[in-house]
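Below you'll find the structure, written out as structure tokens, and then a few comments.
Atoms considered below: every heavy atom in the structure, side chains included; atoms not considered: hydrogens, waters and symmetry mates.
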Amino acid sequence: MFKLMLLYSEPETFKPIVFRPGLNLILGEANEGSIKTNGVGKSLAIEFLNFALLKKLAESRISLVPKDTFDPDTEICLKFSYNEVGFVIKRSVTGHQNPTLYGPDFVTKFSSLEDATEFFNSEFRRPDVDDAPSFRSMLGPLIRDERSEFKSLVLCHDTNKRIPADYSPHLYLLNIDAKPYKEVKFLWGQLDKIRAATAKIKENIQTLTGKNFAEAKAELNELTSQVHKIQEEIDALENIQGYEIVKDEILNLESTIDEARARQVTLKHELAKIRVFHGDSYIADEEIVELYNQFSDGLGSYIKKQLDEVISFKRKIDDFQKDILDGKRSEISNDLKLIEKNLVALDKQYKDRISLLDHNGILKNLKQTIAVHQRKVEDLSSLSAWMKNYAKFEIEKSETVTQKNNRLLDLKFSLLEASNTLDSLEESILDIHDFVAGNKHCSFDIEVLNTKEVVRFELRIHDDGSHSNEREKVFMYDVALLLDERISNRHPGFLVHDNIFDVDQDTLVKSLNYLDSKRDQLNKKQYVLTINEDKFRPADFDSLNWSLREVAIARFTKKSKFLKVNYQETKKRK
């Protein structure tokens, strides 16, 4: 059994909290200066306890406490025992990855939080259970996060984090083999991967063929037929004597013809640009005269010329340019004639060669045919591979579904074998319900589901469904697990509820009085409860079988807080 003993710090930052057997209250009280009981440090004290028990710093409210309020080098220490052997764990915010464990004859400073967790997994668990849950997983239902709002029996964490339900610790406590449950969870994950892969294959097939998957088989057959026909045509050509020689000549001719036609297009484009400049004059004489008259007065005596001389000089330039353009036009025209003549000859040679390979007009262009054949072969290869992969995934899915169903059957058998434990737990819950509500209009059941959740725990109580009654259901379930004799050999022996009660006074008083009725059993365990004194009316204390201050292990007020100072939490980084 895991027993909490002492929570303290080095150096001392808060008053040490001594845990005792039975009921341990962490009480929020009013004082003369303030009647407020919230924000005094009750939940933070639980955070310190959980942090000492290896909760990740990023998930803890301790990370939000300002450094000038709580020195990050301060060591948070927890003294505890396991099976009557004493230990002390020390951990600081600065060294949160390297806690130190003090045992009866050893001291271990862990190199990482993962190493510390693994050590706790191996040392603080039953050696006769092979598949017990991890240490931190086990603490989920034992130290529920206040921000879980106690809405569910199995969802123990902050509701904003959307952490999936983990039934492993609950199954373990109920003596139900958790291994099939974990395997089914894993197999559901494998099925998700298979479905994602097959969906991607369908998408690829639709992109390639333009048709949906249902038509893919027909498309594959058609593509196979096309490739076969083209291959037969090429094979027939290759049987012609001297095929390789002719084929090479054809391919060379096709390349030469393509180059000649490209050169022809280029020359025709150049000739079209030259033809823009036509005629004997590019600028009319009248325009020269008009321009000359506009500027002649401003030229001065330095560069005064006769208009006739200007026009004469301009005509010499036009003639020179015309001669150049005429020469270029003649050269390009001659080149075009030569290219056209060569193309006629090349086309004749190409027709002569291709006629040797032309069978029934099927293959007119060897290069194009080979390219089409290659593309069809590639498409056929891709489509065939995708279809084969899809078939493989379908087989894998069937095998996985079969494995999943077999593991579900194993889980059902294990559930059946644990029926005595389940009956005992239900009887314990009924006992609490009868004490608190005055009736046994209540039921508890576990169902194995063929869904990703795998199992479902259902606790129904009289008038359930409301916010307060959902919290009361969690109280009943957790306390029944803690106190049930059939479960005690697997239960660590302690339970922490942080502000679980948000119910009417009658339910609150009767719930605490039930614990008093089981005081002998409770004193063999530890139940840590944070609660505000103002939850009780003055008349309630007359009905309550406990003296709150006698069972309180810590009492905090606005003037006497857990960390002894006022502060505001820092904002969490996104």
Side-chain angles (χ1 to χ4, degrees), residues 54 56 114-115 117-142 144 152-157 161-201 389-426 444-459 477 481 486-487 489-492:
L54 308 183
K56 292 180 180 178
E114 289 74 20
D115 287 344
T117 304
E118 186 59 36
F119 182 88
F120 273 55
N121 288 344
S122 62
E123 294 299 318
F124 304 129
R125 65 191 296 179
R126 285 185 52 173
D128 59 329
V129 180
D130 295 332
D131 203 40
S134 69
F135 179 77
R136 284 302 309 175
S137 175
M138 192 70 244
L139 290 186
L142 301 183
R144 294 177 183 266
S152 164
L153 301 184
V154 293
L155 294 173
C156 311
H157 305 283
K161 294 181 179 178
R162 300 181 183 276
I163 298 174
D166 180 12
Y167 285 85
S168 298
H170 302 268
L171 296 174
Y172 166 77
L173 291 174
L174 296 172
N175 201 25
I176 299 171
D177 187 3
K179 188 175 180 179
Y181 165 77
K182 293 178 181 178
E183 290 177 351
V184 171
K185 294 287 284 186
F186 172 77
L187 292 170
W188 271 115
Q190 294 300 104
L191 286 172
D192 284 342
K193 292 178 182 179
I194 292 171
R195 290 190 182 98
T198 53
K200 183 63 178 177
I201 288 174
N389 282 337
Y390 184 86
K392 184 189 74 172
F393 281 126
E394 283 296 298
I395 293 172
E396 187 177 341
K397 183 173 76 172
S398 297
E399 292 174 345
T400 305
V401 168
T402 299
Q403 293 177 40
K404 172 180 66 67
N405 291 339
N406 289 337
R407 298 292 81 77
L408 284 172
L409 191 59
D410 292 341
L411 185 57
K412 289 180 179 180
F413 279 125
S414 182
L415 186 64
L416 185 62
E417 290 173 354
S419 59
N420 289 337
T421 303
L422 297 178
D423 290 343
S424 179
L425 176 64
E426 185 178 43
F444 175 73
D445 188 39
I446 299 177
E447 183 181 4
V448 176
L449 306 172
N450 191 16
T451 66
K452 292 181 180 180
E453 193 175 8
V454 184
V455 293
R456 179 173 61 204
F457 283 30
E458 188 169 30
L459 173 57
Y477 172 76
L481 286 174
R486 279 187 170 271
I487 298 171
N489 64 332
R490 288 184 168 233
H491 200 289

Check: Can you check whether Glu123 reaches Phe135 side chain to side chain, under 4.5 Å on heavy atoms?
Finding: no
Notebook entry, point to check: Who pairs with Lys452 by side-chain contact (heavy atoms from CB on, under 4.5 Å), at least two apart in sequence or on another chain?
Noted result: Trp188, Asp192
Note to self: Just so I know, are the side chains of Lys179 and Lys182 near enough to count as touching, which here means a heavy-atom distance under 4.5 Å?
What the structure shows: no
Check: What's the spacing between Arg456 CZ and Leu153 CG if we round to 0.5 Å?
Finding: 12.5 Å
Notebook entry, point to check: Does the side chain of Leu415 come within less than 4.5 Å of Leu171's, by heavy atoms?
Noted result: no
Note to self: Please find the pair of heavy atoms, one from Ile194 and one from Thr400, that lie closest to each other, and give the distance.
What the structure shows: CD1-OG1, 3.8 Å
Checklist line | 4.5 Å side-chain heavy-atom contact, His491 and Leu142 | finding: yes
Check: Quick one: CD on Glu426 to CG on Leu422, what's the gap to the nearest 0.5 Å?
Finding: 9.0 Å
Checklist line | Lys NZ or Arg CZ of Arg490 over Tyr172 ring: under 6.0 Å, within 45° | finding: yes
Item checked: Contact summary for Met138 and Pro169, nearest pair of heavy atoms -> CE-CB, 3.8 Å
Notebook entry, point to check: Taking side chain as C-beta onward, heavy atoms only, is Leu54 less than 4.5 Å from Phe120?
Noted result: yes
Notebook entry, point to check: Going from CG on Asn175 to OG1 on Thr421, what distance comes out if it is rounded to the nearest 0.5 angstrom?
Noted result: 5.0 Å
Next item on the list: Could you tell me which non-hydrogen atom of Ile163 sits nearest to which non-hydrogen atom of Leu155, and how far apart they are?
Entry: O-CD2, 3.7 Å
Item checked: Closest approach of Ser168 to Ala178 (non-hydrogen atoms, all atoms of both residues) -> O-CB, 4.3 Å
Next item on the list: Drop me the distance from Leu187's CG to Thr402's OG1, to the nearest 0.5 angstrom.
Entry: 10.5 Å
Item checked: Residue pair Leu174 / Ile446: nearest heavy atoms and the distance that separates them -> CD1-CD1, 3.6 Å
Note to self: Within this structure, what is the CD-CD distance for the pair Gln190 and Glu183, rounded to the nearest 0.5 Å?
What the structure shows: 12.0 Å
Note to self: Please give me the minimum heavy-atom distance between Thr198 and Tyr390, naming the atom from each residue.
What the structure shows: CB-CE1, 3.7 Å
Note to self: If you take the centroid of each ring, where Trp contributes its six-membered ring, are Tyr181 and His170 closer together than 6.0 Å?
What the structure shows: no
Checklist line | Atom pair CG (Asn389) and NZ (Lys392), whose distance is rounded to the nearest 0.5 Å | finding: 5.0 Å
Notebook entry, point to check: Any side-chain heavy-atom pair from Asn450 and Asn405 closer than 4.5 angstrom?
Noted result: yes
